[in-house]
Amino acid sequence: MNTSSNTMQLSGLEPLVITKESNFVNIGERTNVTGSRKFLRLIKEGLYEEALSVAREQVEGGAQIIDVNMDEGLLDSKACMVTFLNLIAAEPDIARVPIMVDSSKWEVIEAGLQCLQGKGIVNSISLKEGEETFLEQAQKIKWYGAAVIVMAFDEKGQADTFERRIQICERAYKLLVDKLCFNPRDIIFDPNIFPVATGIDTHKNYALDFFKATKWIKEHLPFAKVSGGVSNVSFSFRGNNKVREAMHSAFLFHAINSGMDMGIVNPSQLEVYDQLDPTLLERVEDVLLNRKDNATERLLDLAERYKGQNNPQKELKTAAWREEKVQKRLEYALVKGITEYIEEDVEEARKNTSKTLEVIEGPLMDGMNIVGDLFGSGKMFLPQVVKSARVMKKAVAYLLPYLEAEKSEHDKKNNGKILLATVKGDVHDIGKNIVGVVLACNNYEIIDLGVMVSAQDIIKKAKEEHVDIIGLSGLITPSLDEMVFVASELEKQNLSIPLLIGGATTSRVHTAVKIEDHYKSGSTTHVLDASRAVTVADQLLGSKKTAFLSAQKESYDRIRENYKNKINPSKYLSLEKARQNKLKIDFDSYAIPKPTFEGPKYFDAIDLSLLLDYIDWTPFFRTWELAGKYPEILDDQIVGTQAKEVYADAQKMLHTILKEKWLFAKAAIGFWPCYSKDEQVYLKNQNKVFHFLRQQSQKAKDIPNLSLADFIAPEGHTDYIGGFAVTCGLNIEAKIKQFDLENDDYSSIMLKALADRLAEALAEYMHLMVRKTYWGYSKDEDFSNSALIAESYRGIRPAPGYPACPDHTDKRTLFDLLDCEKKLGVTLTENLAMYPAASVCGWYFAHPKAKYFGVGKIREDQVKDMAEKKEMKLERMQKWLSPNLI
């Protein structure tokens, strides 16, 4: 057995790597007909497209695995499971996470396993039908390459004591590992979470025995993981959400400390452990840990106070902290992000020290260390961290003249020097800036080179500053190739500086498969988000570097092997066969709607107040790494308080943006008569062509291989295609520069995030006007904002770089037709990023069957066909389409 790593590898389209250092893995439960009435109704009514939105919401809300269960008496569970999983497979934004196939029926589990395109989990098998059936099912799961949840259940029934739990789990483990050579890293035990405080004496140890069994499993069954359904523990208090929230939080706290790795947890019934009422927490833990004979009675008495208090108002902190000593005041200001008194307090602290530098290295860094610890442990959220950084910067800015007067060397100790840059051709930097703030809060010196930075400039600065780490960021897909180029240039110059890769289009798979191979002299590490950056930097520069890189190499080797095995060319059709399976639309009986004008039309000085009702706030919270859907996120028991604060700050800034005209918005739309042939849309009288891609993966019966061109009528008809470009980023740079001078990262990031949301809102607003007025095919449309966000209307507006049209090169054609540079002031970089960054462009399709989809991987024959039609060298076309190549 290889004992070099405790890593569990799961995958959808993207890998999920679970290590000892990983945080608790949350499993989404809403695609379970027994756990969601809405999902059950949609499946019963055959509304699978709507049911997919439930899965999508879970992934967007932060679920790292989604549990799919179709066990209901009136359903054909097997058929429903197969249909739904096949639909998920065609949705890259859902299929990127691993799937847990959940059923009490083995035939349903096996049918589900046959549909998975990654490495999922089976939930569950047990010894209740004896060893023969257990081993037979486990052997098949192994053959399908899945992980498995094993219930603590044998021929005698469910385990309800510590002794029974560990006896069954040990027996199952030995059977799996010794008889089947089942990979122990793919074994997950569910030692049964039962209700406590039921009034029955034999139930008093249920929670405590779970904790003890979990710890025993982690110590005695190497590499195995532990999972469970947390909500079971509080069934005795149904209807009293306040007590249930406390029980879930406290149970999870002790379970995770005991070694629990993952589980199904309802975020709406979870409170922050540190913020629980101390009296309630004490009595809950008395029950969970069975510390008092009368623990149940004491909790029941206290629970009466909380009935009906499902979302009680939290007590507000008073200004009592101003009475504390200055060190405590500075710590409080940093943790809470309060700038009002910072100059007053650092001046007091400065007068109490012999050297100004001691204020920075003492109370200020002590406070920032607390911030880093709280963020790392999940007790503080990203917007708070950015506010803390603003306080720190203002404090240092105030002290700087005193440092200079004392002729300080400014070489205060830090954890390392990190260079950050958005690569050449890309202008997006919100994520990079957030990572810089978080790293700075953890005592790293940050050198930020900004956006559109060439490989030459990155390497030159890295050498001059003797940096310890280089971090590369990018949003658009061409940035992926630029990162490969930077890595190869580092290799050419025999450098070994660790390289970090981050950005929305990056992934562990791309990093392992495409980038790492070009940088043998140094390490290349993908960083998922800001919360992971500190851990990665600490490991790269600390004593655990060798072990970290060894584990990463093993992980990346496995990713490359899995990628090579998964991308099987035989599972992809030739372009010709894919065309034969195109979407068939009867255009002869379709009344093609004619726009009210042809060519471009421009809109200047758009009133931003018109856009407020069209803002989709969910991505805004995602920018701040707050997981959840708006508006529900505002009442979320975990991030709700912070979500409300950042939302209030956003509203305040929006008001100022409108009042003081910080931003200007412009838009262009256009319509052109056209027809389609294969994947091309030919514009009549324009000598212009839009080139789209076609899905080439093998589809289930009656499911077509789509191309956006399928939604346009073929030659012999006169159809229409629309195009648009909008921006809300004009004039933003002046304000960003002001915030930078004021050391106000929080406001800078907030403004960029709001500009992005306004640009998307303007795109939504213009699409509405197109549907109702300028194209007019939905004149009577009347949707709420939530329905607009859910895209319930007829027609789509895909953008270059999105899954349905991943090729960016047609942006030039679109920009030429709309004359964007001259009319809007929006330009394209050499990698076809739009500048200003808060800009959106794309196409309008009006046909009722038009929908969004993912092209996915394509074969070389389609790349060659595209290169020929676009009169582009094959190597150049391959570069633009590299993320989609098999």
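Small disclaimer: the values here were computed from a predicted structure and weren't measured.
Open room surrounds NZ on Lys652; 12 or fewer heavy atoms of other groups in view lie less than 6.0 Å from it.
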Inset, instruction - Could you go through the side chain to side chain contact (heavy atoms under 4.5 Å, CB included) check for Lys688 and Asp816 one step at a time? - result: CA-CA 10 Å; Lys688 300 281 188 183; Asp816 288 344; 4.0 Å; yes
Inset, instruction - Report the C-alpha separation of Phe692 and Val855 in whole Å, then their side-chain angles, then the decisive distance to 0.1 Å, and conclude whether the side chain to side chain contact (heavy atoms under 4.5 Å, CB included) test is met. - result: CA-CA 10 Å; Phe692 299 109; Val855 166; over 6 Å; no
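Ring orientation note: the planes of Phe724 and Tyr844 are close to parallel, at an angle under 30° on the 30°/60° scale. The aromatic rings of Trp662 and Phe739 lie perpendicular to each other, with more than 60° between the two planes, well past the 30° mark. Ring geometry for His808 against Trp880 counts as tilted: the plane angle lies between 30° and 60°, on a 0 to 90° scale. Ring planes of Phe621 and Tyr630: parallel class, angle under 30° (limits at 30 and 60°).
Using a 4.5 Å heavy-atom cutoff, the side chains of Arg771 and Tyr777 are in contact. Residues Val453 and Thr422 form no side-chain contact, since every pair of their non-hydrogen atoms from C-beta on lies 4.5 Å or further apart. Between Asp819 and Pro600 the shortest side-chain heavy-atom distance does not fall below 4.5 Å.
Between Trp624 and Tyr746, a ring centre-to-centre spacing shorter than 6.0 Å is recorded. Taking the six-membered ring for Trp, Phe690 and Trp843 have ring centres closer than 6.0 Å. Residues His767 and Tyr793 place their aromatic rings such that the two centres sit under 6.0 Å apart.
Across all non-hydrogen atoms, the minimal contact from Lys772 to Ser778 is CG-O, 3.6 Å. Residues Ser676 and Ile712 share a closest heavy-atom pair of OG-O, 2.8 Å.
Remark: Met483 CE to Leu472 CG distance equals 6.0 Å, nearest 0.5 Å.
Paired with Arg694 under the rule side chain to side chain donor-acceptor pair (under 3.5 Å), one option of Asn705, Asp865, Asp710 passes, and it is Asp710.
A salt bridge between Glu764 and Arg797 is present, with a side-chain N of the basic residue lying under 4.0 Å from a carboxylate O of the acidic one.
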